[in-house]
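Remarks on the structure that follows.
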2 protein chains.
Amino acid sequence: MNNAHDSEILRGLHAAIIDLVDEINRPRRDDRLIEEAGIPLDRALFPLLARVWRYGPIGVVELADRTGRDHTTISRQMTKLEELGLIERKPSMTDRRVREATVTEKGQEMVDLLNAARERLANRILVDWTDEDLDQLRALLRRFADDLMR
Amino acid sequence: MNNAHDSEILRGLHAAIIDLVDEINRPRRDDRLIEEAGIPLDRALFPLLARVWRYGPIGVVELADRTGRDHTTISRQMTKLEELGLIERKPSMTDRRVREATVTEKGQEMVDLLNAARERLANRILVDWTDEDLDQLRALLRRFADDLMR
DNA sequence: CAGAATCGTGTGCATTATTCACGTTTTTCG
DNA sequence: CGAAAAACGTGAATAATGCACACGATTCTG
């Protein structure tokens, strides 16, 4: 328990985070992944599909909170995903105001293809890593993200 | 050197990355930081200012490459930053096509305030971390980001 | 060395994304 | 019960983004 951490470390950590986030935000990365997966999917929609898969069943407002955008934006994108048959929405049984979204079978197939493609790309990029280092990064990053979201 | 890493680890790592990136991308975070810093700055412009500070002197195209957006978008935002007197642009001496951007003194003051504010917030969030753990995360994340950027 | 191809930058235009204001339905709670 | 709040959606206004293109600077190439 520290009141003040080493500024050097904090700045270095921040720099690494910015580099990582910029890299992940790159539209070209998504294009590459979609190409590797070999599926036809609008790259604007696929991050949302991934999040419905991960956090679903989930409503519009909660998902909007999570991604930091207005709920109306998410509402429209979810409508598109629904029209494409990738997600499914039905009123929640416990709260009929929320229309819970889940991935359909067709959506699940796409998610599977995307996950497999991402794993192939990751293995190509991370050839020099040991499983031990990766797992350490995973654990530390999980803790960090949780603290950030708290 | 592994051909295939443990899928569990990779998926867990990916999940943590998504959580982190979503959290960082949240506009509310930037608002919070700007408020803590006590400066009047459009939250859309401040990520760009931070990157000019970090990578500058830097031209439009290189910065656009780095952030993954179209170069015309960056060009317009840089114009705004210049009008606000936060950055300065002058033709490069080695290549007169590029107009190298650097932060002005006024821009530097803002960056300093932002960095100080971020550090205060970070120390509040990371009370339970030791410097050792933080530095380990920093080192692993730096390596990861570098590998990702190839 | 001259012409062609490439690169960095910026502008006009069209498209798309995002927000804002508002209304509806459902739930919560005093 | 009844008021307040929450989840969701629609329409209109606004902002952001990308594309086509132009122009000067630079590099490539025969």
Side-chain angles (χ1 to χ4, degrees), chain A residues 21-22 24-32 34 41-52 55-84 87-102, chain B residues 21-22 24-32 34 41-52 55-84 87-102:
Chain A
V21 171
D22 279 358
I24 299 289
N25 281 337
R26 225 166 195 157
R28 182 168 152 54
R29 270 199 95 69
D30 292 348
D31 288 338
R32 180 81 192 290
I34 287 172
L41 179 58
D42 185 357
R43 84 165 177 237
L45 261 40
F46 123 80
L48 197 60
L49 175 62
R51 281 157 183 79
V52 171
Y55 302 114
I58 188 172
V60 167
V61 168
E62 190 185 341
L63 197 50
D65 273 349
R66 213 171 249 291
T67 58
R69 296 184 200 282
D70 198 83
H71 79 273
T72 60
T73 302
I74 305 296
S75 174
R76 286 181 235 272
Q77 290 179 338
M78 296 248 277
T79 301
K80 285 184 194 169
L81 279 179
E82 197 175 25
E83 284 166 356
L84 290 172
I87 68 169
E88 204 173 35
R89 289 193 287 182
K90 55 179 183 184
S92 161
M93 276 177 299
T94 62
D95 186 340
R96 288 204 310 271
R97 287 174 304 179
V98 331
R99 297 177 58 198
E100 287 178 336
T102 24
Chain B
V21 171
D22 280 357
I24 298 288
N25 280 338
R26 230 169 193 159
R28 215 179 59 198
R29 272 199 94 68
D30 291 347
D31 288 339
R32 178 88 186 80
I34 287 172
L41 178 57
D42 185 355
R43 88 166 174 231
L45 261 40
F46 121 81
L48 197 60
L49 175 61
R51 281 156 184 80
V52 171
Y55 302 114
I58 188 172
V60 168
V61 166
E62 191 185 340
L63 197 50
D65 274 349
R66 214 171 247 292
T67 58
R69 277 179 291 180
D70 197 82
H71 78 274
T72 60
T73 301
I74 304 297
S75 174
R76 286 181 241 267
Q77 290 179 337
M78 296 248 277
T79 301
K80 286 185 194 168
L81 279 179
E82 196 175 25
E83 283 166 357
L84 290 172
I87 68 169
E88 203 173 35
R89 289 192 287 181
K90 57 180 182 184
S92 160
M93 276 176 299
T94 62
D95 186 340
R96 289 204 311 269
R97 286 174 304 181
V98 332
R99 298 178 57 198
E100 287 178 338
T102 22

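All values below were derived from every heavy atom in this structure, side-chain atoms included, with hydrogens, water molecules and symmetry-related copies excluded. In what follows, chains carry the letters A, B, and so on, assigned in the order in which the sequence lines appear, proteins first and then strands, with residues in each chain numbered from 1.
- Listed nucleotides dT26(C), dG10(C), dG9(D) differ in distance to R89(A); the shortest reach to its side chain belongs to dG9(D).
- Between D30(A) atom CG and dG18(D) atom P the separation is 13 Å, expressed in whole Å.
- Between D70(A) and S92(A), the one whose closest nucleotide on DNA chain C sits nearer the 5' end is D70(A).
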> Are K80(A) and D42(A) close enough, and set up right, to give a salt bridge (Lys or Arg N to Asp or Glu O under 4.0 Å), and what steps lead you there?
Replying inline: CA-CA 10 Å; K80(A) 285 184 194 169; D42(A) 185 357; 5.7 Å; no
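- T72(A) comes within 4.0 angstrom of a base, heavy atoms only.
- In this structure, the nucleotide among dT26(D), dG9(D), dG10(C) sitting nearest to the side chain of D95(B) is dT26(D).
- Counting to the nearest Å, the C1' atom of dT27(D) and the CZ atom of R96(B) are 14 Å from each other.
- Here the P atom of nucleotide dA7(D) and the CD atom of E100(A) are 13 Å apart, to the nearest Å.
- Both A44(A) and M93(A) sit near DNA chain C, but only A44(A) has its closest nucleotide nearer the 5' end.
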> Between L45(B) and L84(B), is a side-chain contact (heavy atoms from CB on, under 4.5 Å) present by the stated rule, with each step listed?
Replying inline: CA-CA 10 Å; L45(B) 261 40; L84(B) 290 172; 3.7 Å; yes
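- With R99(A) as reference, E82(A) is the one residue of E88(A), E82(A), K90(A) to meet the side chain to side chain contact (heavy atoms under 4.5 Å, CB included) rule.
- Picking from dC8(D), dG18(D), dA6(D) the nucleotide with the shortest atom distance to the side chain of T73(B) gives dG18(D).
- Taking 4.5 Å as the limit, some side-chain heavy atom of M78(A) sits within range of a side-chain heavy atom of V52(A).
- Rounding to whole angstrom units, CZ of residue R76(A) and P of dC8(D) are separated by 15 Å.
- The CZ-C1' distance, from R43(B) to dA16(D), rounds to 13 Å in whole Å.
- Closest to the side chain of H71(B), out of dG9(D), dG10(C), dA7(D), is dG10(C).
- Side-chain proximity of V61(B) to dA25(D), dT9(C), dT25(C): nearest is dT9(C).
- Q77(A) comes within contact range of the sugar-phosphate backbone alone, with a heavy-atom separation under 4.0 Å but no base atom that close.
- Residue R97(A) places no side-chain N or O under 4.0 Å from the OP1 or OP2 atom of dC8(D).
- Residue-to-nucleotide proximity on DNA chain D shows that, of D42(B) and S75(A), the 5′-proximal contact is made by S75(A).
- For R99(B) and dT26(D), the CZ to C1' distance is 18 Å, given to the nearest whole Å.
- At distances below 3.5 Å, at least one donor-acceptor pair connects side-chain atoms of R51(A) with backbone N or O atoms of P47(A).
- Between K80(B) and dA15(D) there is no side-chain polar atom (N or O) within less than 4.0 angstrom of OP1 or OP2.
- M78(B) places its CE atom 7 Å from the P atom of dG10(C), with the value rounded to the nearest Å.
- Between the CG atom of L63(A) and the P atom of dT18(C) there is a distance of 13 Å, rounded to whole Å.
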